[in-house]
Novice: 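Here it is, the structure, as structure tokens.
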Number of protein chains: 4
Amino acid sequence: MTRARQARSIRTRETLLSLAREKASAVGYGALRVEDIVAAAGVAKGTFFSHFKDKDALMDILIAERLNALLDGMEKAPKFQSVDELVAGLMPYLGFVSSERYVFDLYLRLSGALKVEEIGEIAESLVRLDRIVIEKLDRDRFRQDVSPELLSEGIQAFCISSIALGFCALHSDQNVENRLETQLKAWLCPG
Amino acid sequence: MTRARQARSIRTRETLLSLAREKASAVGYGALRVEDIVAAAGVAKGTFFSHFKDKDALMDILIAERLNALLDGMEKAPKFQSVDELVAGLMPYLGFVSSERYVFDLYLRLSGALKVEEIGEIAESLVRLDRIVIEKLDRDRFRQDVSPELLSEGIQAFCISSIALGFCALHSDQNVENRLETQLKAWLCPG
Amino acid sequence: MTRARQARSIRTRETLLSLAREKASAVGYGALRVEDIVAAAGVAKGTFFSHFKDKDALMDILIAERLNALLDGMEKAPKFQSVDELVAGLMPYLGFVSSERYVFDLYLRLSGALKVEEIGEIAESLVRLDRIVIEKLDRDRFRQDVSPELLSEGIQAFCISSIALGFCALHSDQNVENRLETQLKAWLCPG
Amino acid sequence: MTRARQARSIRTRETLLSLAREKASAVGYGALRVEDIVAAAGVAKGTFFSHFKDKDALMDILIAERLNALLDGMEKAPKFQSVDELVAGLMPYLGFVSSERYVFDLYLRLSGALKVEEIGEIAESLVRLDRIVIEKLDRDRFRQDVSPELLSEGIQAFCISSIALGFCALHSDQNVENRLETQLKAWLCPG
DNA sequence: TATGAATGAGCGTTCATTCAT
DNA sequence: TATGAATGAACGCTCATTCAT
């Protein structure tokens, strides 16, 4: 009984998610409208809000989904033996994060939350990214004077920084990839 | 006549700025409303927009003002001989940037602009920060295998990263300052 | 300058009011929808709410308008020499109040407010009704052992009571008018 | 089986009622939410509606319960020999009716119903109030030119009216009790 | 009887920004 | 420059009620 209902509920939720996914790939995440989604799904607005706290909660799921898919790819790759390989491994992920200003802003905003109970999918995917980077770095190939955890933290800092600079006209001399490569070389292979 | 008008205009602008400054320190930057400012100034809303392109332009000025005041302090300090000194020098600046989520978000967003002509005060203050950091780093005390420019770029990346993590409950084990210190030591003094 | 704007504002407000009035007479007050009004007026929803605090505020004005028009009629009538004349004088007013359950409920709810600053048009029209009734009662024809103010208060109590009973199946043996007449005779001409 | 079910059903209904009663005394009738009641009872929302036609039906029962308890007290009292005694006898009842605007509104709305089959507990308690008042009025002490039924009707009208005025800031010069007393004296003892 | 997901359908909010005067 | 009414365009809320299982 209870289970049957849950099945229906799950179905509705999936419908909403997949329609949102579809719309997002058509018009971009920033242009997604709750009303369009519910209209397409043929459900009431109230239904949307009984499945997702607010629009951001949906975006969090949607974007994290994409991030996780990209992390899946990263996970399957062999260990990174060089900065070039690392950058190559990161680029699909970063490409998505920097694909829309809206996505980048949301990514930053939802990267963390002040309350643990508000930690969402994106924040968790960042933990996963961290873990993957740590695992995939072939320790022999990179500096060993600091912990892998710290290395990973730095890598993420440089990723964010590169994307942010990529959105800035003052630093358009290099693209995200080149800048990141330069920075990561200095970070991972000093001396 | 023209002169009188210009004088009045300048006065209006200054009034708006100083009332905004005042309100911001009372309620925070994020809670500042154009309506409140114009009401306090006794002018119409339209007047506000004939003085500032948009609300962001005002916030850009207001926040950059604070940043520049903090940079003034940094400029007067002696050269940084150690990471500790560097962190100590940066903290007032970072303290302000991390004082409100709204300020941090705006800082990131206005750090750059896609069009050169849209470069604002904050973006320029960042260039200044970059220059100051480069000047103040005593090259003999820090790694010399990379350019000062790159060093500075990394320092800024770690600053942003530390603040972002500071807004996240998952990383509350350390405060901004400690995290930054650890990272900068690894960045500036490898090996 | 200021005046010109005010004129425009007044015009918009009047447009909203007259369209609402029109719709109300077409579909009834209870079926009035804010969206229909703004759609008909061709203005944004925000405009509606900058003219009226909420939907009730509009209804208050609309209903009070009607009440006042009916009070105008009452005011022009000669003094009431008998209960029959009083009832006849009151009936148009009561007819409107009892025309829709929605109207009656709103009438009761907006008859007063706990805060003076929230006193609205309906509440004020009630004060006017009170004054008119006091003026129009030919003192010689009715009981003189109590003040006209008290008489009027009682008349209003019986009006409300009659309408309320009119909405009740248990008391459908008499109509509003008959019941009121009986009650008022006992109230105004005891003995 | 059937018996067991019926027993369970009755128990569920009682549970809902008593939890509702409890919540109402904690937060007031107006703040009572079906959701809270069913959550406290650990049953589904639908269950609520298989026990009560709608929320009003529950409120009708709950409020009528209280009214009847107060009427029980009134019934035990000796006959009213004066207006003062009558007012004193009515006050507990009126105190409850005027305790919350929500209660008063519901009281008025459920005092009658357009269809006899929709007559509920409150409406019946009003009939009872009417009967009690008629019985308790010592005819010798009050006007005898009109029927006790009419007297009672008027008393109820003045009760409603007094409460309504009590909810209005414009008439806060007197409290419910004083106003009622004045009105009833004029109504019951003219001349 | 019980379940609980889904509904409905309108209200009110937000507030930076525009534009005709 | 100044005015301030109007805009826009969606979000989120409400919460009693229904209905398929």
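As a basis for the values below, the full set of heavy atoms in this structure was taken, side chains included, without hydrogen atoms, waters or symmetry mates. Per chain, numbering begins at 1; letters A, B, ... match sequence-line order. Given the structure is predicted, the values throughout are model-derived calculations rather than measurements.
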Novice: Please tell me if the side chains of A:Val43 and A:Phe48 come closer than 4.5 Å, counting only heavy atoms from C-beta onward.
Specialist: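 Heavy-atom side-chain distance check fails, nothing below 4.5 Å.
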Novice: Do B:Leu19 and B:Val38 make a side-chain contact, defined as non-hydrogen atoms from C-beta onward lying under 4.5 Å apart?
Specialist: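 Counting from C-beta outward, B:Leu19 and B:Val38 never come under 4.5 Å.
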Novice: Name the residue closer to the 5' end of DNA chain E, choosing between D:Phe48 and C:Gly46 according to the nucleotide with the nearest heavy atom.
Specialist: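 This one resolves to D:Phe48.
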Novice: Rounded to whole Å, please give me the gap between CD1 in A:Ile10 and C1' in E:dA6.
Specialist: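 Rounded to whole Å, this separation is 15 Å.
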Novice: Between which residue ranges does DNA chain F form stems of three or more consecutive Watson-Crick or G-U wobble pairs, both distances under 3.5 Å?
Specialist: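 Stem list for DNA chain F: E:2-21 with F:2-21.
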Novice: Using the closest heavy atom to pick a nucleotide of DNA chain F for each, name whichever of D:Phe49 or A:Phe49 lands nearer the 5' end.
Specialist: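 Taking each residue's closest nucleotide, the earlier one in sequence belongs to A:Phe49.
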Novice: In chain order, what residues pass the side chain to side chain contact (heavy atoms under 4.5 Å, CB included) check against A:Arg13, with sequence neighbours excluded?
Specialist: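 Only A:Leu17, A:His51, A:Phe52, A:Ile61 meet the side chain to side chain contact (heavy atoms under 4.5 Å, CB included) criterion with A:Arg13.
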Novice: Does any residue of residues 18-45 of chain D have a heavy atom under 4.0 Å from DNA chain E, and if so, which ones, in number order?
Specialist: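 Heavy-atom cutoff 4.0 Å gives D:Val43, D:Ala44, D:Lys45.
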Novice: For a quick test of reading the model: is some side-chain N or O of B:Thr47 closer than 4.0 Å to OP1 or OP2 of F:dG4?
Specialist: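 Looking at the OP1 and OP2 atoms of F:dG4, neither is under 4.0 Å from any side-chain N or O of B:Thr47.
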Novice: Give, ordered by number, those residues of residues 50-66 of chain B having at least one heavy-atom distance below 4.0 Å to an atom of DNA chain F; if nothing qualifies, reply none.
Specialist: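 Going residue by residue through residues 50-66 of chain B, the ones with a heavy atom under 4.0 Å of DNA chain F turn out to be B:Ser50, B:His51.
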Novice: List for me each residue that meets ring pair (Phe, Tyr, Trp, His ring centres under 6.0 Å) alongside A:Phe49, sequence neighbours excluded, and say none if there are none.
Specialist: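 None.
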Novice: Under the side chain to side chain donor-acceptor pair (under 3.5 Å) rule, collect the residues that match up with B:Arg101, sequence neighbours excluded.
Specialist: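 B:Arg101 satisfies side chain to side chain donor-acceptor pair (under 3.5 Å) with B:Asp105 only.
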Novice: Which residues pass the side chain to side chain donor-acceptor pair (under 3.5 Å) test with D:Asp54, not counting sequence neighbours?
Specialist: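 D:Asp54 satisfies side chain to side chain donor-acceptor pair (under 3.5 Å) with no other residue.
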Novice: Would you say the side chain of D:Ile37 lies within less than 4.5 Å of the side chain of D:Leu58, judging by non-hydrogen atoms?
Specialist: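 Yes. Closest side-chain heavy atoms under 4.5 Å.
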Novice: Could you tabulate the donor-acceptor pairs under 3.5 Å formed by side-chain atoms of residues 22-32 of chain D, not counting sequence neighbours?
Specialist:
from, atom 1, to, atom 2, distance (Å)
D:Ser25, OG, D:Arg21, O, 3.3
D:Ser25, OG, D:Glu22, O, 2.9
D:Tyr29, OH, D:Arg66, NH1, 3.2

Novice: Give the table of side-chain donor-acceptor pairs shorter than 3.5 Å for residues 108-120 of chain B, with sequence neighbours excluded, one pair per line with atom names and distance.
Specialist:
from, atom 1, to, atom 2, distance (Å)
B:Arg109, NH1, B:Asp56, OD2, 2.9
B:Ser111, OG, B:Tyr107, O, 2.4

Novice: Within this structure, what is the CZ-to-P distance between A:Arg13 and E:dA5, rounded to whole angstrom?
Specialist: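 Computing the A:Arg13:CZ to E:dA5:P distance gives 13 Å.
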Novice: Residues in side chain to side chain donor-acceptor pair (under 3.5 Å) with D:Lys45, at least two apart?
Specialist: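 D:Lys45: side chain to side chain donor-acceptor pair (under 3.5 Å) contacts with D:Glu35.
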Novice: Going by side chain to side chain contact (heavy atoms under 4.5 Å, CB included), name the residues that satisfy it together with B:Ala64, two or more places apart in sequence or in a different chain.
Specialist: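 In terms of side chain to side chain contact (heavy atoms under 4.5 Å, CB included), with neighbours along the sequence ignored, B:Ala64 is linked to B:Asn68, B:Glu121, B:Ile122.
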